[in-house]
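Taking it in order: structure first as structure tokens, then the write-up.
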Amino acid sequence: MRRTEPGRGPVGHGPVRYGPPLPDQGLPLLPELTAVLSAAAGRPDAVPLGGSPALLDASCGYWDRRGLPTTPDRVAAAPGAPALLLALTAAIGGDVLLPRPCAAWWEPEARALGRSVFHIPTPAECGGVPDSYALLETVRRIRDEGGDPRLLVLCVADDPTATVAPPELVHETVEAAAGEGLHLVSDETWRDTLHDPHDPVLLSPAEMLPDRVTVVTDLAGPFLPPGWPAAVARFPADGIGGGLRDRVLDVLTALGARVATPVAAAAAYALDEPGPVSERLAGAVRLHARLAAAAHRAVIAAGALALPPRAGRHLYVDLAPLRPALTAHGVGDAQELEDFLTARLGLPAPGGHRFGDDLGALRFRLSTGLFLGTADEEREQALTAPDPLELPHVDSALTLFGSALEDLR
């Protein structure tokens with residue numbers, strides 16, 4: 001029998017408060033990044049709350065190159081995107097709207113502040129951006145029941161589904177949100193990890209609605225290892241942007257949420273996108289795109305379901321067609337699926353309930369970095385090999401994954 005905790009029901013079932021981390025690159029550290037961090041490790045000065053001038057300037061250049069002109073007085077940095085989202089949620093107030101499924105770290109930020117959270121279905125072809133009609137209906141229902149919806153968080157290049165929302169859907173949803181007076185937070189952590197940078201086209205909500213969208217990017221997505229927490233937020237240039245940034249800085253100050261000095265130096269270097277950083281990112285994206293495509297083929301061959309992965313280092317798998325076999329193994333929900341697959345594969349396989357999905361659905365997120373091996377030499381080989389899928393350790397890991405699913409048919 002499972003233990004219980006107050007307010008939670010059985011451990012591992014019901015509300016999940018702590019989600020899995022962002023999918024890691026699984027690659028050796030870039031020497032140039034390590035050198036910059038090491039050089040700054042001897043500095044005793046603390047980075048100002050909200051980021052150092054160098055980090056803010058580098059952030060502006062990063063967004064300028066992506067068609068989002070930015071000035072330092074509209075940027076803030078924090079030790080990870082969760083701190084930024086918590087500060088934004090506190091500053092904006094009201095109820096929070098999230099797509100279903102969504103990044104595992106979004107909902108805990110709102111819950112920690114005692115805010116009500118409402119999940120909205122996404123269309124069949126992608127995740128990260130809610131269906132516009134479902135959004136309008138949810139907002140109407142919340143207000144009819146006395147609620148106060150103010151904030152919509154979305155993710156065009158999505159975690160956990162690894163999809164990219166088409167521009168027409170982004171247009172419809174952003175227009176619907178604007179019509180209802182919602183502020184949007186666009187999590188663009190994965191925008192630089194598109195498997196094909198030209199198909200599909202990524203449209204940032206900030207390009208559509210510049211005065212009502214705050215962009216958040218966790219640098220663990222494109223540039224930094226997860227152990228070096230740093231994230232940046234871009235606030236609207238007009239309208240409420242200045243006041244919102246000030247309120248966010250107030251919250252970050254109360255939390256003492258400043259980026260560590262060595263990490264800030266590494267983040268500023270990465271955001272400038274010098275040759276070594278750009279080359280490593282491009283190589284990592286190519287590698288994980290190959291791994292994701294191979295894992296997707298294995299999922300489909302086993303009779304399971306998954307949308308084709310188009311961004312990031314992960315894919316989102318639905319084992320509903322294999323439910324009869326899973327039931328025979330005592331698997332009836334996402335937590336039991338997580339436990340079963342983690343033991344069977346020897347790899348973390350967080351269930352969909354950790355991403356706001358239905359507990360009863362048999363879905364899980366798979367990180368492609370898990371196929372790269374455990375030694376730095378193996379991972380370096382995968383990065384530089386003409387065909388990483390032909391490496392014995394990569395082929396073995398993918399074969400094990402495919403066989404585990406085939407056995408459930």
Considering only distance and modelled atom types, tabulate donor-acceptor pairs under 3.5 Å from the side chains of residues 141-155, sequence neighbours left out.
{"residue": "Arg143", "atom": "NH1", "partner": "Glu180", "partner atom": "OE1", "Å": "2.5"}
{"residue": "Arg143", "atom": "NH2", "partner": "Glu180", "partner atom": "O", "Å": "2.9"}
{"residue": "Asp144", "atom": "OD2", "partner": "Arg140", "partner atom": "NH1", "Å": "2.5"}
{"residue": "Asp148", "atom": "OD2", "partner": "Arg150", "partner atom": "NE", "Å": "2.7"}
{"residue": "Asp148", "atom": "OD2", "partner": "Arg150", "partner atom": "NH2", "Å": "2.8"}
{"residue": "Arg150", "atom": "NH1", "partner": "Ile92", "partner atom": "O", "Å": "2.9"}

N/O donor-acceptor pairs under 3.5 Å from side chains in residues 27-36, not counting sequence neighbours:
{"residue": "Thr34", "atom": "OG1", "partner": "Leu30", "partner atom": "O", "Å": "3.3"}

Side-chain donor/acceptor pairs under 3.5 Å, residues 222-237, sequence neighbours excluded:
{"residue": "Arg234", "atom": "NE", "partner": "Thr70", "partner atom": "OG1", "Å": "2.8"}
{"residue": "Arg234", "atom": "NH2", "partner": "Pro69", "partner atom": "O", "Å": "2.8"}

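Taking Arg323 as the reference, nothing meets the side-chain hydrogen bond (donor to acceptor under 3.5 Å, both in side chains) condition, with sequence neighbours excluded. Considering only residues two or more places apart in sequence or on other chains, Thr214 meets the side-chain hydrogen bond (donor to acceptor under 3.5 Å, both in side chains) condition with His183. With sequence neighbours excluded, no residue satisfies ring-ring contact (aromatic ring centres under 6.0 Å, His included) with Phe118. Scanning for salt bridge (charged side-chain N to carboxylate O under 4.0 Å, His left out) contacts around Asp192 gives Arg66, with sequence neighbours left out. Remark: Asp318 pairs with Arg363 by the salt bridge (charged side-chain N to carboxylate O under 4.0 Å, His left out) rule, at least two apart or across chains. Partners of Arg115 by side chain to side chain contact (heavy atoms under 4.5 Å, CB included), not counting sequence neighbours, listed by chain and number: Thr89, Val96, Ala110, Leu113. Partners of His119 by side-chain hydrogen bond (donor to acceptor under 3.5 Å, both in side chains), not counting sequence neighbours, listed by chain and number: Glu107. Annotation: side chain to side chain contact (heavy atoms under 4.5 Å, CB included) contacts of Ala220 (sequence neighbours excluded): Leu22, Asp218.
You'll find the side chain of Phe355 reaches within 4.5 Å of the side chain of Pro20, heavy atoms only.
Applying the side-chain hydrogen bond (donor to acceptor under 3.5 Å, both in side chains) definition to pairs two or more places apart or across chains, those involving residues 282-307 are His288-Thr368, Arg290-Asp387.
Side-chain atoms of Asp357 and Tyr316 form a donor-acceptor pair, as typed in the model, at a separation below 3.5 Å.
Ile120 approaches Asp131 most closely through the heavy-atom pair CG2-O, 4.4 Å. When all heavy atoms are compared, the tightest approach of Pro79 to Val259 is N-CG2, 3.9 Å. Scanning both residues, Asp407 and Arg344, for their nearest heavy atoms gives CB-NH2, 3.4 Å.
Classified by interplanar angle (parallel below 30°, tilted 30° to 60°, perpendicular above 60°), the ring pair Phe401/Phe364 is perpendicular.
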